[in-house]
Amino acid sequence: WRFLRSRAKFLWLRAGLGAGKSYVLAQYCIQRMLTNPETIGLICASTYGQLRDSILSELFRQLHDLGLTYEYSTLTQFITLSCNGARVKTFSLENYEVLRGIEVGWIAIDEACLAKEAAYNVAIGRLRCPRSKALECRIVSTPRGFDYIYDRYMGEKKNSHHEEIHATAHDNFYLPEDYIPSLSNA
């Protein structure tokens, strides 16, 4: 899994339906929570519903499957791992100005292309915690044409800190056998 091993500061997994975007993003979050509990992480999505229904449900499922206990405060929107005290702020990018002022060591954004560019900029501006072993932002998203994410990760604004990985549903070995053919017939 190149996504989990990459050392790029900013990494985009560009993929469509069924490619396993939320699955691998949750794995990244767990990896960071276990290996760098000294820093706070940030998990975002463009809306609260998407945050709750996609990345958080997948993250909580994987934590449960691994036998890792945690507390989730709906009041503060923090996840705290019981084994090492790692803390992660969860946040919808709908009201992104509220993020100003916190500092984090890593960021995971689900369906980043659906978020406003200003929200993305505020989120990555939080990436400055000195206790982080690696300041990293990982985003997963279905592409939406030539938008600001495309420009930064593949287009004219791309620099040496940005990397893009492309995947399709064909790369996901865990899908039901009839999943891909069913998309063709939809």
Practice item. Search all heavy atoms of Val140 against all heavy atoms of Asp110 and return the closest pair with its distance. Key: CG2-OD1, 3.2 Å

Check your understanding: Do other residues, nucleotides or ligands put more than 12 heavy atoms under 6.0 Å from the CD atom of Glu97?
Key -> yes

Point to revise | Which atom of Phe3 lies closest to which atom of Ile139, heavy atoms considered | key: CE1-O, 3.9 Å

Practice item. Given side-chain hydrogen bond (donor to acceptor under 3.5 Å, both in side chains), test Gln50 with Ser46 step by step and report yes or no. Key: CA-CA 7 Å; Gln50 182 183 22; Ser46 61; 2.7 Å; yes

Point to revise | Separation between OH of Tyr120 and CD1 of Ile107, rounded to the nearest 0.5 Å | key: 8.0 Å

Point to revise | Side-chain donor-acceptor pair present, Gln62, Glu58, cut-off under 3.5 Å | key: yes

Practice item. Identify the two heavy atoms, one from Arg100 and one from Val122, that lie closest to each other, and give their separation to 0.1 Å. Key: NH2-CG2, 3.3 Å

Practice item. Give a yes or no on whether the backbone of Ala134 and the side-chain of Arg32 come within a donor-acceptor separation of less than 3.5 Å. Key: yes

Practice item. Starting at CD1 of Ile149, measure out to CE of Met154 and round the result to the nearest 0.5 Å. Key: 12.5 Å

Review point. Can you find a pair of side-chain heavy atoms, one from Arg126 and one from Phe91, that are under 4.5 Å apart?
Key: no

Check your understanding: Cys137 versus Leu127: any side-chain heavy-atom pair under 4.5 Å?
Key -> yes

Revision key, fill the gap. Distance col, row Tyr70:OH vs Ile79:CD1, nearest 0.5 angstrom, shows 7.5 Å

Practice item. Answer yes or no: is there a donor N or O on one side and an acceptor on the other, between the side chain of Ser6 and the main chain of Arg2, under 3.5 Å? Key: no

Review point. With the threshold set at 4.0 Å, does a side-chain nitrogen-carboxylate oxygen contact exist between Arg14 and Glu164?
Key: yes

Practice item. May I ask you to say whether Glu136 pairs ionically with Lys9, meaning some side-chain N is under 4.0 Å from a carboxylate O? Key: no

Check your understanding: Does the side chain of Tyr48 come under 3.5 Å of the side chain of Arg52 through a donor N or O and an acceptor N or O?
Key -> no

Check your understanding: So do the side chains of Ile40 and Val88 get within less than 4.5 Å of each other, counting heavy atoms only?
Key -> no

Point to revise | Gap separating the CG atom of Leu114 from the CG atom of Leu93, nearest 0.5 angstrom | key: 10.5 Å

**Study point:** CA sep, side-chain torsions, deciding dist, call: Leu25, Leu13, side chain to side chain contact (heavy atoms under 4.5 Å, CB included)
**Key:** CA-CA 9 Å; Leu25 190 63; Leu13 174 60; over 6 Å; no

Check your understanding: Counting distance only, does the side-chain N/O of Lys133 pair as donor-acceptor with the main-chain N or O of Thr35 below 3.5 Å?
Key -> yes

Practice item. Might you point out which heavy atoms bring Ile55 and Ala26 nearest each other, and give the distance in Å? Key: CD1-N, 3.7 Å

Revision key, fill the gap. One should read off an interatomic distance between Ile109 CD1 and Leu42 CG, to the nearest 0.5 angstrom, of 7.0 Å

Check your understanding: Going through the checks in order, is the side chain to side chain contact (heavy atoms under 4.5 Å, CB included) test met by Leu68 and Ile30?
Key -> CA-CA 10 Å; Leu68 294 170; Ile30 293 169; 4.2 Å; yes

**Study point:** Ion pair Glu163/Arg7, N-O distance below 4.0 Å
**Key:** no

Check your understanding: Can you tell if the side chain of Tyr28 reaches within under 4.5 Å of the side chain of Ile43, non-hydrogen atoms only?
Key -> no

**Study point:** Check: Arg131 side chain, Glu38 main-chain N or O, donor-acceptor pair, under 3.5 Å
**Key:** yes

Check your understanding: Should Lys21 and Glu111 count as an ion pair when the cut-off is N to O under 4.0 Å?
Key -> yes

Check your understanding: Could you give the distance from CG (Asn159) to CZ (Phe10), rounded to the nearest 0.5 Å?
Key -> 8.0 Å

Exercise for review: Please report the C-alpha distance between Tyr23 and Arg61 in whole Å, then the side-chain angles of each, then the deciding distance to 0.1 Å, and finally whether the side chain to side chain contact (heavy atoms under 4.5 Å, CB included) criterion is met.
Suggested key: CA-CA 10 Å; Tyr23 179 85; Arg61 185 193 64 75; 3.6 Å; yes

Practice item. Write down the atom of Glu94, the atom of Ser92, and the distance for their closest heavy-atom approach. Key: OE1-OG, 2.8 Å

Exercise for review: Check step by step if side chain to side chain contact (heavy atoms under 4.5 Å, CB included) holds for Ser132 and Asn36.
Suggested key: CA-CA 7 Å; Ser132 180; Asn36 196 186; 3.6 Å; yes

Practice item. Give the minimum heavy-atom separation between Tyr148 and Ala115, together with the two atoms involved. Key: OH-O, 2.8 Å

Practice item. Using modelled atom types only, decide if a donor and an acceptor are shared between the side chain of Thr80 and the backbone of Gly85 within a distance under 3.5 Å. Key: no

Practice item. Would you please say whether a donor-acceptor pair under 3.5 Å links the side chains of Thr90 and Tyr72? Key: yes

Exercise for review: Using modelled atom types only, decide if a donor and an acceptor are shared between the side chain of Ser141 and the backbone of Cys113 within a distance under 3.5 Å.
Suggested key: yes

